[in-house]
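Take a look at the structure set out below.
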Amino acid sequence: MPDPMRPRASLRTAVVWEVLQDALDRRVKATGRDALDVLDTGGGSGNFAVPVARLGHNVTVVDPSPNALFALERRAAEAGVADRVTGVQGDAHGLFDVVERGGYDAVLCHGVLEYVDDPAEGVRNVVAALRPDGVLSLLAAGLGGAVFARALAGHFTEARQALGDPDGRWGAGDPVPHRFTAEQLTALVEGAGLTAGAVHGVRVFADLVPGVLVDTEPGALDALLRLEAAAAELPAFHSVATQIHVLGVTRGAAEA
């Protein structure tokens with residue numbers, strides 16, 4: 001299946017999509033079921049939920065924004081998967097007020113952990129939505145990418161502040177409450193009782209390359225996508241990625 005977020009937005013999602021699709025395919029083979037039950041916490045307007053539904057899976061999206069859920073409904077209808085996508089209003093803290101505990105083969109937690117008061121509790125909460133043989137896709141803001149971005153913009157004091165801050169914040173005006181290293185996210189996944197699998201750096205170069213170059217230079221987008229894919233798995237680049245993606249699997253799934 002071609003990348004569903006091409007062309008420009010694929011720079012932000014291609015690596016995660018490839019890892020996620022592979023993980024879902026493995027769960028299909030392990031369970032013997034063509035259609036998995038997938039929970040997308042903070043899934044917004046369906047950037048991942050709709051493509052996952054197009055693979056044939058049933059997706060429940062939990063998001064606090066009514067506008068995002070309305071956009072999700074419209075996007076799912078346009079993609080012909082409205083019958084496989086359900087949107088419910090809620091958040092990670094009150095997750096089990098709106099969804100079933102232990103009812104999902106896979107949980108997506110993308111861009112959520114940065115905004116919860118207690119990240120460790122947030123991970124434990126979404127893990128509790130998994131079946132005994134489930135998989136977690138965790139994506140969160142990376143510390144190193146923010147440090148690089150502030151420094152390259154000439155904000156050297158803010159870059160140093162982020163580097164030394166326990167939450168990776170560059171100052172009072174920083175809109176992101178928490179940022180993480182790959183090691184911190186892996187520890188959170190393992191602390192919630194999962195086995196940490198693949199770790200990828202996301203947007204290692206994409207946020208540093210001038211947009212005009214990618215949009216106007218022939219072949220630049222595809223070349224940059226290939227570069228991102230090649231660097232994503234290398235630990236040396238995890239420390240400078242804008243986002244970090246960690247795949248976690250339950251003990252049952254790890255043994256399957």
Only pairs at least two apart or in different chains count here, so list each salt bridge (charged side-chain N to carboxylate O under 4.0 Å, His left out) that has a residue in residues 103-114. Arg33-Asp105, Asp105-Arg131

Other hydrophobic cluster members with Leu143, side-chain heavy atoms of Ile/Leu/Val/Met/Phe/Trp/Tyr under 4.5 Å, chained? Val147, Leu163

Which hydrophobic side chains are connected to Phe70, either touching it within the sub-4.5 Å cutoff or through other members that do? none

Using side-chain heavy atoms (C-beta onward) and a distance below 4.5 Å, is [X] in contact with [Y]?
{"X": "Leu247", "Y": "Leu136", "result": "no"}
{"X": "Leu39", "Y": "Val62", "result": "yes"}
{"X": "Thr60", "Y": "Val38", "result": "no"}
{"X": "Leu36", "Y": "Tyr104", "result": "no"}
{"X": "Pro119", "Y": "Leu188", "result": "yes"}
{"X": "Val127", "Y": "Leu194", "result": "yes"}
{"X": "Leu20", "Y": "Phe48", "result": "yes"}

Minimum heavy-atom separation for [X] to [Y], with atom names?
{"X": "Ala35", "Y": "Gly56", "value": "CB-O, 3.4 Å"}
{"X": "Pro175", "Y": "Tyr115", "value": "O-CE2, 3.7 Å"}
{"X": "Gly201", "Y": "Ala241", "value": "CA-CB, 3.6 Å"}
{"X": "Val199", "Y": "Ala182", "value": "CG1-CB, 4.0 Å"}

Mind jotting down which residue pairs meet the side-chain hydrogen bond (donor to acceptor under 3.5 Å, both in side chains) criterion with at least one end in residues 82-93? Sequence neighbours excluded, please. none

Pairwise side-chain hydrogen bond (donor to acceptor under 3.5 Å, both in side chains) hits with a residue in residues 160-178, at least two apart: Asp167-His178, Trp170-Asp174, Asp174-Arg179

Could you check whether atom CD of Glu190 has more than 12 heavy atoms from other residues, nucleotides or ligands sitting under 6.0 Å from it? yes

Check whether any side-chain N or O of Gln184 sits under 3.5 Å from a backbone N or O of Thr181 as a donor-acceptor pair, and report yes or no. yes

May I ask you to decide if Ala206's main-chain N or O and Glu228's side chain share a donor-acceptor pair within less than 3.5 Å? yes

Pairing donors with acceptors under 3.5 angstrom, does anything connect the side chains of Thr250 and Asp133? no

Find the distance between [atom1] ([X]) and [atom2] ([Y]) and round it off to the nearest 0.5 Å.
{"X": "Leu227", "Y": "Phe205", "atom1": "CG", "atom2": "CZ", "result": "4.5 Å"}
{"X": "Thr13", "Y": "Arg203", "atom1": "OG1", "atom2": "CZ", "result": "10.0 Å"}
{"X": "Asp40", "Y": "Ser137", "atom1": "CG", "atom2": "OG", "result": "9.0 Å"}

Apply side-chain contact (heavy atoms from CB on, under 4.5 Å) to Phe96 and list each qualifying residue two or more places apart in sequence or on a separate chain. Val99, Arg101, Asn125, Ala128, Ala129

I need the single residue from Thr186, Val202, Leu185 that forms a side chain to side chain contact (heavy atoms under 4.5 Å, CB included) with Ile244. Which is it? Leu185

Do [X] and [Y] land in one hydrophobic cluster if side-chain heavy atoms of ILVMFWY residues count as linked below 4.5 Å?
{"X": "Val59", "Y": "Leu139", "answer": "yes"}
{"X": "Leu108", "Y": "Val126", "answer": "no"}
{"X": "Leu24", "Y": "Val61", "answer": "yes"}
{"X": "Val16", "Y": "Leu113", "answer": "no"}
{"X": "Trp17", "Y": "Val81", "answer": "yes"}

How are the rings of His245 and His200 set relative to one another: parallel (under 30°), tilted (30 to 60°) or perpendicular (over 60°)? tilted

